[in-house]
Each structure stands twice: as C-alpha cells, then as structure tokens.
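Here is how names work: the chains are called A, B, and so on, in the same order as the sequence lines, proteins then strands, and each is numbered from 1.
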Protein chains: 2
Amino acid sequence: MSGIDFPSPFTPAHDPHVLPIVGVRMATAAAGIKYAGRTDVLLMAFDAGTSVAGTFTQSACASAPVEWCKDLLGEGKARALLVNSGNANAFTGMKGKQSVQRSADIVAHALDVPPQSVYLASTGVIGEPLTADKFADVMEGLVGSLDGAPTRWVDAAKAIMTTDTFPKAASRQVDIDGEEITLTGISKGAGMIAPDMATMLSFIATDAAIAPDVLQAMVSKAVGGSFNRITIDSDTSTSDTVLLFATGKTLSETPITYIEDSRLGVFQAKLDELCLELAHAIVKDGEGLSKFVTVRVEGATSNASADVIARAIGNSPLVKTAFAGEDANWGRVVMAVGKAGEPADRDKLAIWFGAGGTEVRVAVEGARDPAYSEEAAASVMKQPEITLRVDLGLGDGAATIWTCDLTKAYVAINGDYRT
Amino acid sequence: MSGIDFPSPFTPAHDPHVLPIVGVRMATAAAGIKYAGRTDVLLMAFDAGTSVAGTFTQSACASAPVEWCKDLLGEGKARALLVNSGNANAFTGMKGKQSVQRSADIVAHALDVPPQSVYLASTGVIGEPLTADKFADVMEGLVGSLDGAPTRWVDAAKAIMTTDTFPKAASRQVDIDGEEITLTGISKGAGMIAPDMATMLSFIATDAAIAPDVLQAMVSKAVGGSFNRITIDSDTSTSDTVLLFATGKTLSETPITYIEDSRLGVFQAKLDELCLELAHAIVKDGEGLSKFVTVRVEGATSNASADVIARAIGNSPLVKTAFAGEDANWGRVVMAVGKAGEPADRDKLAIWFGAGGTEVRVAVEGARDPAYSEEAAASVMKQPEITLRVDLGLGDGAATIWTCDLTKAYVAINGDYRT
C-alpha cells in the first residue's frame, strides 16, 4: 500500500504558489526508476557563482549520495542538483559509489560543468542497485527543457515525492538594503523509510549573494529549529538531506561574507520561517496521520533536558495512539516524561491539551486537575491540530517538537504488503 | 477495546502447572476496583523469616506503591504482598501516598504483622485516586482463605492481569547440597501502560534461605538478562516491579549469606531461566502481536554498543511493522542500525532472518546477498517466532533483546476508545 490510499486530512486544496529564484532553472522527467506514470527525476541547474551549504542524516549507514554531497561541500560551489525518487541508492556497496560518480558525470557532461559541482540525492527503496543509465536516458530532454518558472518548483516538489500525498513548496521575501531577496524551497517526507521509501529531503534556493561558510551556519541553525524538530515515527532515514543554494543575483555588489554581518538577522528569520513551514508540511503528510501535534515542554532544568522529554513524548507509541483515539490521556504523557531519564518531579507536573485558542489543564501538582472538564478536553481532542503543553515546574528550560498521531493506516502503509 | 479482543497466537492450551513454595500462601478476591466479574486483588502471606529483594521502574515519575516498596527494601524482610489490577495509584499525589500507607495498615492489622513488612503493587489506570476501602472490604475474606496450593499461583497470575490475554507462571527446581530448592513466579505485561494499564509486574518466591543483600544481587542480575531485555513498544510504565521472596524453608541450616557462596551459581542459573521464561511470556502476550521476535546483534565494538543497536532495531516502528507484514525488510534494519548512534560500518554489515532452525542471509558486505532467496526468506517470515541476527563485523560485542511486531490490533487496543 502507499500513502495515497490514505490521503492526509491536511491536503491543501491547491498546488502551492511560489516565487521564482533568478539563477535557478529546473526540469523533471519520468525515468521509470520504480513508479509508473509519474515523474521521478529532478534536475536543477544553477548559474555560475552559486554557493551551497547543507545538512545530512546523522545515520552511521548514510547512503552513497549523502556521502557524495558531504565530500563536495568543502568547495561550497554548486552548478547542478540531480534528485530521483523510487530508489535510495542506499546500502548498495561499491555499485552505489560507482552509480553516484557516473550520475554526476552524466550531468556534468550534459551541462558542461565540473562533476564536483553536481549535487545528488536519492529517495526510495534501500538495497537495490540504482543504474545511472536511467539518468542518461532522460538527460538530454531534461537539459533541453530547463526553465525557472514558478510552476517548475511545484513540478520539482512532485517529482521527489514517495509516500507523500501532496507536494510541499513555499517562499519568503525579505528586504535588505532596499533589495528584495527571495527564498523558495521544496520538501518531502511522509514516514522515515519504507518500501516506498520516505526519506526527508528539502532543497531551498535564494537569489542573495552569501558566502558558503555563512550559508552553512544559517542552514544549520534553520534546520536545528525545524527539520530536526519533527518526528513521524522516531525512525531516521539513511538519506535525509537539506541543501541551501544561493545564486548571488541580489546583494551582488555587497555580498554577505561573514557571519557577524548585521543584515543576516532578517534573512535568517525568513529562512527559519521557510524551513519551519516546509517541515510542518512534512508532518502534516505523515504516513496515515489524522492529527498534527505540537509538543511543548516548559519548566525543565535546561533546554536540552526539555528537548529530550519533548521527544520522549512525541515518539511514544502510547501517546501517539491516544491522539489517534482523540483521548486526552495525560497518564501516558506522565509515563513518557518519566521514561525520558531527565529531571522531573511528579508532584510538580502540569499538563494541558489545547487547540484553536482553547487550552484545558488536565493535570496539576501530581494529580488530576480538580477543575478538569472532560467535555472541554474531548472538544479539544477532536480538532485536527492539537498542542500538548507540559510544565515540569523545575526551571526555565523549554523545547518544542512537532509530530503526528499513530494510526492503523500507518501500520497498513508500512505493514500491509509483501516485497 | 482490551487485549482480550485480540488473543495472542501464543496463548497456551492450558493454565500453567507450577510448584508450591513452602512458606507462601495466597488468596485472591474481586474487589470491583475497575473490572467486573473477575478477581483484581492478590494477597500473598509469607512465613516469618522471609527475605525480599526487588527491582523497579527507572521512571522519574514512579507510582506511590513503587516508592513505598523502595523505602521498605532496606529492611529486607517481607510478611505480605498486596497487588491490585485496574488502578495503578500513579500520579495521584498526596492521596496516593495516603492510600498506600492505609493499604499497608489494613494488611498489617489483618495478618498481625508490621506495616513495614507489607509490600504493595498496583497496575491499571493512572491518575485515578485508589481508595484503600476497596481492600478493607475484602481483607477478611482474603486472610481467611490463604492457601499454598499450586493452583493459587495460577489464581494469583490471573488476578494481576490487565490487557494480558493469558496468565503467566512458571517454576524451576535445583539441587543444592542434596536439598531440592524450588522457585515459582508469576508475571504480567501486555503493553507498557494503557487505559487498561499494562505495567510489567513479576513476583517470584523460593523456599531457599538467602540473605536479603545476596537476594538483591541475584534478582538484579536475573532481571538484567530478562525483563530488562524485552520491549513491546519502547514505553516504560511508572509501576514496573519485580520482587523476589525467599522463605528460608530449605538450606535453613546453612543459609546463603554472602555473594561469593559457591552454591549460588546453580541457583542463579535457574533464577535466570525462570525470569527469562516469565519475560518471554510477557512479550508473547504483547498487545496485538502476531510475531515473537529475537533481535541478536553481534560483532559490535562492545556489548553495550550491541545493546543500544539491538534496542534501536527492536523499538523501530518500521522494523516492527515489517515483521507484521511478514517482510524480510533488511533495509529498515540497516536504517535502525544507522540511527542508533553507535559505531557501524555499512560495508561490513550482514543480516540474517531465521526461524525453526533455518537462517537466511539477506545482506552481506554493504549490499544485498547475491545468493539471497526471496522464497526462503518469505518462508522464514511466515513463522510465528523469528530471529533477526545482525553482524556488524567490527568487534566481539553482542547483545540479545526480545520484542514483538507492531500491528493494527496494537493501535486498536490503544487508540480505539474514548475515556
């Protein structure tokens, strides 16, 4: 089964509208890697002078394309990005390395750029050799149809989907020194890995002139507050990749070359916003989900401690199934706080469930809230977007993560098939 | 919904047959704490001179009964154990502490023993005050019907069940210095916590004369190799409790009082076996399970590293749903190895799925095994008990854990209800 059999309740009515980035052209093709009747290859071409930075999976078993990109980032220059869905080229041994090299060579030759400027990403099944011939077959057509139109971003978002049920793209603009800077990005997610592999990928471009090391600091910060704070099922793909490209078409007279540049603040804020929107879109298309859940932990002894507790709550199967059951089951939240291994005092805990501006305190000072209204809590739990807030009452540490519920549809998507 | 709607495929045909322990008498009653038409209270009475040791949940939000037992263990002497199902007396604040004190007083008065010798355990819903009146109502009947018959152990195992679908009990015997020593124990589990709360509890007794501190070392070791190596859903209850009682009826002339006693080896081996059988029974009654899965990790840089990786595999929702789908999905295993954060080299990994004496290698040296037979693997995956073996190829570290698959029935049991 695929995610398409279980459409997300958050599916937008229309394809996203995004803004073009000068210096970025795109084309997509159907190379028949795994899927029939849909695009599965994306080529992005960047004008000369484009900087690049990125973050990758922390997996010790990273895929061949991830290792390729990591090696390239030292240069900080990009001329192309080739992405395919349907095959992750992960755990494919020497064949995987050869395939990656050959894929870069095919793009480099077609665009007349160095192979070391060609970034690669793959998402799909693990362990199946990916033949670069599939790319060779469609490369001429791709290069011939490169275009920077905004609709191409939506085409790009569709070509990289696996168990995703809708394309994810967004834009932001910010004024710096009287120049309008644009950022546009796409993302895909769904589960974390699957027969229809569901790696998290995001590719973002801006027309600003920003040096690679500055770009790296910015993308690391933005990812830390967005993509690294979402969890569908606690599983980590071997292929997770976020790349940020800067074409240098704006601020070209006064490029940003050091991290202390005072102009960075507003840009970082917009990048953070964009990454958060793209990250939330991934959760809202989580495999089989029915609820989008914000987990907010406050009053911890430190931010790091709050983070561990928030993730313990967000990854707990029992908490996640309670949300699926629309049950304000704070007992399971206490359980998850307890198992996190961080400082917590049962008798100081307070727990709220909230939605649409209403917040219901269900527990306080080590026991059920005497004023707790089951009716009010039930009404909150019926909403599609719910915030669970936990105050540990110990200190000032706080953290937020975003997750979804665990439904029978998740099990069906990931368990109801035979390879 | 409760687990009973989804009976385990491992449900035994008959109630377990166990051996009596001299010095232990039991009685059960239906106190109407939550369930109708079944027993929900267990009273065990121990003869004078009984030693006790135990291990408890690591949760920072442990229940009131767990805190009570921890405080008592310093004495190392037990005369009674009172257990109820249906209400965990967890996260009940000051009321919980008062309820625990009063429960111990009721038992102490009825049996004419000190309250400090009365151990308590509760399993069931969290956050609901547990009134000790329920125990007072049935105490006279319980004390009047105390009996050491083997069938009482089965009655005891049934009284402590929550979402369990069958009672769990087992015995072992060992000869020491010509004396026959007996161990008998019960356990319950199912999920880890739930509306029908599913804490892990186990109570074991032996007739041997063993000092409390020696007993503590033995139970800690046994639990480390059994109950602490099983995982249903990675969630940790606030009430997990294992207690080991030693009545001192055998070896009474030559009690075991120090840990270096050479007679301990054979006893420890039997205790380890018994705990493992009781722990496996918990997994085999895991909420909604269809498969019992052994995860064996070898070739790690250390045993501790192997343990972390084995748990990452066993707790991965994607690995667990693959077992539910009878899919030898080694890609997900690679993913779980990768996310564990421990040393691993993709190109040295080998992975086997085995059952009933047959083992199929599906991956070797960073890629799919060229000799891999999909038919052979599919045949293994159809079996109810499957061993997943992973060789990291790095060192001598090894670890084994036991888990079950993740099915739609698990989500139904934990999500298909309204409080």
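Atom CZ of residue B:Arg311 and atom CG of residue B:Asn228 lie 7.0 Å apart, to the nearest 0.5 angstrom.
When each of A:Val362, A:Asp345, A:Thr92, A:Val334 is scored by its heavy-atom pairs under 4.5 Å with chain B, the top score falls to A:Val334. No other option in A:Met381, A:Lys95, A:Arg368 has as many heavy-atom pairs under 4.5 Å with chain B as A:Arg368.
A donor-acceptor distance shorter than 3.5 angstrom exists from the side chain of B:Ser99 to the backbone of B:Leu130, with no hydrogens or angles considered. Of the possible donor and acceptor atoms, one in the side chain of A:Thr407 sits under 3.5 Å from a partner among the backbone N and O of A:Gly288.
With sequence neighbours excluded, the residues that form a ring pair (Phe, Tyr, Trp, His ring centres under 6.0 Å) with A:Trp330 are B:Phe91. Take A:Lys97 and apply the salt bridge (Lys or Arg N to Asp or Glu O under 4.0 Å) test, not counting sequence neighbours, and it matches B:Asp347.
Neither the backbone nor the side chain of B:Ala378 comes within contact range of chain A; no heavy atoms are under 4.5 Å apart. Looking at B:Ser63, the atoms closer than 4.5 Å to chain A (heavy atoms on both sides) all sit in the backbone: N, CA, C or O. A:Ala62 touches chain B through its backbone: at least one of N, CA, C or O sits under 4.5 Å from a heavy atom, while the side chain does not. The contact between B:Glu128 and chain A is made entirely by side chain atoms (from C-beta outward), counting heavy-atom distances below 4.5 Å.
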